Enquirer: 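What follows is a single structure, and I will ask about it in a moment.
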Amino acid sequence: MPGFSRILRRTLATVAAEATFPTSPSAAASYLYKERNFNRIVDQFKKSSALDHFRTKNGVYENVVRRLASAGRFDQIHEILDHQKGFRDIKKEGFVARLICLYGKHGMFDYARKLFDEMPQLECDRTVVSLNALLTASVNSKKFNENEALYTELPEKLGIKLDGVSYNVIVKGFCESGDFERALAMLNEMEKMGFSPNVITFNTLLNFLYRKNRPEDGDRVWRMMEEKGVAPDVRSYSSKLVGLTSRKKMKEAVELIDEIKSKGIKPDLFCYNSLIKGYANEGDLDEVKTWHKHIVKNTEYDPDKATFGIIIPLACEKGDADYAYQLCKDIFHLGCLIDPPTLQKAVDELVKQSRMKEAEEVRLLGRNNKYFRYILQVPATE
DNA sequence: GTAGGGTTAG
């Protein structure tokens, strides 16, 4: 009875976890990454927060808050973040800025604002750092347009001067709300205030424009960046690549890859995946295979979830079951994440071609995935 | 410790 033994093992593991209450910050963190029960997570998170070093581990905070948010457990997000007020770090602005951002990432702007307003009572100084965190929270909560006062009136009211970071957040806000003209106007505004747009400012704009299919405006900003003597980095180029590949300008995209290299910049997985996506959109399985091989052989990167998510559906569509099957094995060999629907497509294609043994194998790989147990359907064999 | 890419495990 495999089902029963699994339940038994899980129960024993839980008992063991409770018995060996993690007292070191990193043990506490790794417990929280693994724990699946939200009530236990919240409880354990609050206890762990008492450990000084635990509170420096932003990764666990991000992870736990994100998981709670995707389960809609916003009360519990507030519960664990509000609990942080009981520790001395709450007097440190950087720590509070982190909390403000955490609220903002999941649409909880009102909580972010409340915490910002409470900072004086918490004996925590407010500078441009926490103001920027609040601005970021309003952008991430998509409340940017409603919150113009955050960058117009609030700085003056508190005697805080905006800095370059602030302007980059404001530019992002206008991009997110689709207002390219105001985003551009903000470049002039920031220069007037003595802050030069940097590569982050330009990348924010380029990413928005090329992704939203506005290549002419993208190229305009690119020229502006060159005029200002700001050197593009790999992220600038990968935005430009998206602009080319989404318009199926594959020849230019490949040339751009060479240009990147000639500048001494290493194209990263984002670049290669966008190239592969372009070829996949054209249904060109041969080119997709070529670039997949290129990643494996000539770069330091491993194909990732995004790569497989593009290639497997195409391989299935083209009826190349061998390739799809090989890719599925690669996923588990690399221990990488994959969307269940993608994997299901591979199973379906194998079944369609009556390759039941391989279909079953992929199904089992899905079930034993180290990150997640996928329940994949494969018709029972007679 | 606040700013830029595509996802993210209930």
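Every value quoted in this text rests on a predicted model; they were computed, and no experiment measured them. Every chain is numbered from 1 and lettered A, B, ... according to where its sequence line falls, protein lines coming before strand lines. Side chains are part of it too, since the values below use all heavy atoms of this structure and drop only hydrogens, waters and symmetry mates.
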Enquirer: Just checking A:Lys305: base, sugar-phosphate only, or nothing, at a heavy-atom cut-off of under 4.0 Å?
Expert: base

Enquirer: Where do A:Met190 and A:Asn168 come nearest, in terms of heavy atoms and distance?
Expert: CE-OD1, 4.0 Å

Enquirer: Please work out which residues in residues 130-161 of chain A have a non-hydrogen atom less than 4.0 Å from an atom of DNA chain B and list them by number.
Expert: A:Asn132, A:Thr136

Enquirer: Would you kindly give the CZ-to-P distance between A:Arg126 and B:dG1, to the nearest whole Å?
Expert: 22 Å

Enquirer: Does the ring center of A:Tyr151 lie less than 6.0 Å from the ring center of A:Tyr167?
Expert: no

Enquirer: Nearest-Å distance, CD1 (A:Ile41) to C1' (B:dA9)?
Expert: 11 Å

Enquirer: Could you check A:Asn198 against A:Arg73 and say which one's nearest nucleotide on DNA chain B is further toward the 5' end?
Expert: A:Asn198

Enquirer: Roughly, in whole Å, what's the span from CZ in A:Phe87 to P in B:dG1?
Expert: 22 Å

Enquirer: What integer distance in Å separates A:Leu102:CG from B:dT2:P?
Expert: 9 Å

Enquirer: Check whether the ring centres of A:Tyr237 and A:Tyr210 lie less than 6.0 Å apart, and answer yes or no.
Expert: no

Enquirer: Say you draw a straight line from SG of A:Cys328 to CZ of A:Arg363; how long is it, rounded to the nearest 0.5 Å?
Expert: 14.0 Å

Enquirer: Any chance the side chains of A:Lys114 and A:Tyr103 put a donor and an acceptor closer than 3.5 Å?
Expert: no

Enquirer: Is there a donor on the side chain of A:Arg36 or the base of B:dG10 sitting less than 3.5 Å from an acceptor on the other?
Expert: no

Enquirer: Atom CZ of A:Phe109 and atom C1' of B:dT2: how far apart are they, to the nearest Å?
Expert: 14 Å

Enquirer: Given B:dG1, B:dG10, B:dG5, which nucleotide is nearest the side-chain atoms of A:Phe95?
Expert: B:dG1

Enquirer: Would you kindly give the CZ-to-P distance between A:Phe208 and B:dA3, to the nearest whole Å?
Expert: 20 Å

Enquirer: Choosing from B:dG5, B:dT8, B:dA3, which nucleotide comes nearest the side chain of A:Leu337?
Expert: B:dT8

Enquirer: Regarding A:Glu300 and A:Lys266, does a basic nitrogen lie under 4.0 Å from an acidic carboxylate oxygen?
Expert: yes

Enquirer: Round to the nearest Å and state the distance from A:Leu32 atom CG to B:dT8 atom P.
Expert: 21 Å

Enquirer: Salt bridge or not between A:Arg88 and A:Asp52? Use side-chain N to carboxylate O under 4.0 Å.
Expert: yes

Enquirer: Of the residues in residues 55-71 of chain A, which ones touch DNA chain B at a heavy-atom distance under 4.0 Å?
Expert: A:Arg66, A:Ser70

Enquirer: Take A:Ser236 and A:Asn37, find for each the nucleotide of DNA chain B with the closest heavy atom, and name the residue whose nucleotide sits nearer the 5' end.
Expert: A:Ser236

Enquirer: Could you state the interatomic distance from SG (A:Cys316) to CD (A:Gln353), rounded to the nearest 0.5 Å?
Expert: 9.0 Å

Enquirer: Got A:Lys105 and A:Val65 here, is their nearest side-chain heavy-atom distance under 4.5 Å?
Expert: no

Enquirer: For a quick check, tell me whether the side chain of A:Ser239 and the base of B:dG5 share a donor-acceptor pair closer than 3.5 Å.
Expert: no

Enquirer: Categorize A:Phe38 for me: base, sugar-phosphate, or nothing, with a 4.0 angstrom heavy-atom threshold over every strand shown.
Expert: base

Enquirer: Using a heavy-atom cut-off of 4.0 Å across all strands, would you classify A:Asp163 as base, sugar-phosphate, or nothing?
Expert: nothing

Enquirer: Rounded to the nearest Å, what distance is computed from the CG atom of residue A:Asn273 to the P atom of nucleotide B:dG5?
Expert: 16 Å

Enquirer: Would you mind checking if A:Asp89 and A:Lys92 are paired as a salt bridge, meaning a charged N to carboxylate O distance below 4.0 Å?
Expert: yes

